[in-house]
Amino acid sequence: MASFNFSPSDPSAFILMGIPGLEDVHMWISIPFSTFYIIGLLGNFMVLFIVGKEQTLHKPMYLLLCMLALTDIGISTSVVPKALCIFWFNLKGITVGGCLTQMFFLHAVSAMHSAVLVAMAFDRYIAICNPLRYATILTNARIAKLGLVGVVRAVFIILPMPLLLSRQPFCANRIIPHTYCEHMAVAKMSCGDITVNRTYGLVMSFVVIGLDLMLVALSYGLIIRAVLRISSKKAHPKALNTCTTHMCVMLTSCILFLFSILTHRFGQGIAPHLHIILVDLFFLIPPMLNPIIYGVKTKELREKLGKYTCKR
């Protein structure tokens, strides 16, 4: 495919380098990138389609699964299309406004994704520890309100990041050695004092992720305590099995997310191209795996998927 050697006409624009040091193999790298992205989109849109079509799936658990699918689509779409433009067409330029917009949506959707995982942990806690009141505690309306709270929280926490950066003077060197506009990568392009930006980004990362992980850990601690109190030991694996799907999603999401946050700030010893590839996996692997995990582990969803697949 042709390369267009694009150089932005606007001297105030940023230049995203993609994966520095691996420019010669950008085309090959784009193959797994685009494949994972397409699989993730198909899987998540399939979840949204099935839950939307089936009235029997209009339940809190599946509404939360739809929220997870929407955030997965949002996370990957915030990054991958621009990365593929770099890999395929060498379109590296991005305006300052476009860069800050991408940054906002990327980090805001990631914060919403984290909030959804907390809500799913709460859902499992109610289902196991208080099953008789599950239908009255977790109604569809309450799930919608939890989703709205997650959106509002993400907007208010993330919005100061691009606003603070928009007030910064940027240097003549506007080359960002990355595939997307990450907060600290853009902040380092500034000629001014970025202490506030650096501190705010780091504190908010640990406040959001730390608080959410703490709430998830609390939920699972209460679940384990409730399961251990069950007299029948045969019931223990069955009760815990209802949480395995959510735990798998938590592991794939949180480990990669924490890695991406920490390596941007403390990863000087990691080779730049390896660092960028591993960080980009956060936007590809969880969105691709999550619908597969839920499709395999959730019997009702698996049956509905089989119904539509066989019909086709």
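Residue numbers run from 1 in the order of the sequence given.
Atom OH of Tyr125 and atom CD1 of Ile223 lie 8.5 Å apart (nearest 0.5 Å). Note that CZ of Phe33 and CD1 of Ile29 are 7.0 Å apart. Values are rounded to the nearest 0.5 Å. A distance of 4.5 Å separates CD1 of Ile137 from CD1 of Ile126, quoted to the nearest 0.5 Å. Note that the NZ atom of Lys82 and the CD1 atom of Ile86 stand 5.5 Å from one another [nearest 0.5 Å]. One distance of note links CG of Leu63 with CZ of Arg142; it measures 14.0 Å at 0.5 Å rounding. Rounding to the nearest 0.5 angstrom, the gap separating the CG atom in Leu281 from the CE atom in Met288 is 9.5 Å.
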- Query: Taking it one step at a time, do Leu22 and Ile277 satisfy side-chain contact (heavy atoms from CB on, under 4.5 Å)?
  - Reply: CA-CA 10 Å; Leu22 296 180; Ile277 291 173; 3.8 Å; yes
- Task: Could you please spell out the steps behind the salt bridge (charged side-chain N to carboxylate O under 4.0 Å, His left out) verdict for Asp212 and Arg153?
- Result: CA-CA 12 Å; Asp212 289 353; Arg153 184 190 77 152; 3.0 Å; yes
- Could you please spell out the steps behind the side-chain contact (heavy atoms from CB on, under 4.5 Å) verdict for Asn290 and His113? CA-CA 12 Å; Asn290 289 347; His113 185 274; 4.0 Å; yes
- Decide side-chain contact (heavy atoms from CB on, under 4.5 Å) for Leu70 and Leu48; before the verdict, give the C-alpha distance in whole Å, the side-chain angles of both, and the deciding distance to 0.1 Å. CA-CA 8 Å; Leu70 287 171; Leu48 293 172; 3.8 Å; yes
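Looking at heavy atoms from C-beta onward, Val186 lies in side-chain contact with Met103 at the 4.5 angstrom threshold. Contact check for Pro291 versus Leu65: no side-chain heavy atoms found under the 4.5 Å cut-off. Residues His178 and Asp280 form a side-chain contact, since some pair of their non-hydrogen atoms from C-beta on lies under 4.5 Å apart. Put simply, the side chain of Thr95 does not reach to within 4.5 Å of the side chain of Phe14, judged on heavy atoms. Residues Arg174 and Val96 have side chains in contact (heavy-atom distance under 4.5 Å, counting atoms from C-beta outward). Under the 4.5 Å side-chain criterion, counting only non-hydrogen atoms from C-beta, Ile94 is in contact with Cys181. Side-chain contact between His183 and Leu165 is present, with heavy atoms from C-beta onward closer than 4.5 Å. By the 4.5 Å heavy-atom criterion applied to side chains, Met61 and Tyr134 are counted as neighbours.
Cluster annotation: Leu159 and Met204 are assigned to the same hydrophobic cluster (Ile/Leu/Val/Met/Phe/Trp/Tyr, side-chain heavy-atom contacts under 4.5 Å, transitive). Note: the hydrophobic cluster containing Leu42 does not contain Ile75 (ILVMFWY, side chain heavy atoms under 4.5 Å, direct or indirect links). Following chains of ILVMFWY side-chain contacts shorter than 4.5 Å, one can reach Trp88 starting from Trp28, so the two form part of one hydrophobic cluster. Side-chain heavy atoms closer than 4.5 Å link hydrophobic residues (I, L, V, M, F, W, Y) into clusters, and following such links, possibly through other members, connects Phe122 to Met214. When hydrophobic clusters are built by joining Ile, Leu, Val, Met, Phe, Trp and Tyr residues whose side-chain heavy atoms come closer than 4.5 Å, directly or via intermediates, Val149 is not grouped with Val116.
Remark: side-chain polar atoms of Ser190 are paired, donor with acceptor, to backbone N or O of Pro169 under 3.5 angstrom. The main-chain N or O of Asp72 is found under 3.5 Å from a side-chain atom of Ser76 such that the two form a donor-acceptor pair. Panel note: side chain Ser34, backbone Ile31; a donor-acceptor pair is recorded below 3.5 Å. No donor-acceptor pair under 3.5 Å is formed between the side chain of Gln102 and the backbone N or O of Val79. Here the side chain of Thr77 pairs no donor or acceptor atom with the backbone of Gly74 at under 3.5 angstrom. For the pair Glu303 (side chain) and Leu301 (backbone), a donor-acceptor distance under 3.5 Å is absent. With Ser30 contributing its side chain and Met27 its backbone, the two residues share a donor-acceptor pair below 3.5 Å. Between the side chain of Thr71 and the backbone N or O of Met67, at least one donor-acceptor pair lies under 3.5 Å. In this structure a side-chain-to-backbone donor-acceptor pair under 3.5 Å is missing from Glu54 to Leu57.
In this structure, Phe283 has its ring center closer than 6.0 angstrom to the ring center of Tyr180.
Note: His26 and Phe87 have tilted aromatic rings, judged against thresholds of 30 and 60 degrees for the angle between ring planes.
What you find for Leu222 and Cys129 is that their closest heavy atoms are O-SG, 3.7 Å. Between Ala111 and Ala154 the shortest heavy-atom distance is CB-CB, 3.8 Å. When all heavy atoms are compared, the tightest approach of Thr139 to Ala135 is CG2-O, 3.5 Å. Ser110 approaches Leu106 most closely through the heavy-atom pair OG-O, 2.8 Å. Across every non-hydrogen atom of Pro20 and Pro177, the tightest pair is CG-CB, 3.7 Å. Closest approach of Asn44 and Pro287 over heavy atoms only: ND2-O, 2.9 Å.
There is no side-chain donor-acceptor pair under 3.5 Å between His58 and Asn140. Residues Glu300 and Tyr62 have side chains that bring a donor and an acceptor to within less than 3.5 angstrom of each other.
Heavy-atom neighbours of Tyr37 OH from other residues, nucleotides or ligands within 6.0 Å: above the threshold of 12. Atom CZ of Phe105 has 12 or fewer heavy atoms from other residues, nucleotides or ligands within 6.0 Å.
Paired with Leu117 under the rule side chain to side chain contact (heavy atoms under 4.5 Å, CB included), one option of Leu64, Leu213, Leu68 passes, and it is Leu68. Tested against Asn197, the residues Lys188, Gln168, Arg167 include a single side-chain hydrogen bond (donor to acceptor under 3.5 Å, both in side chains) partner, Gln168.
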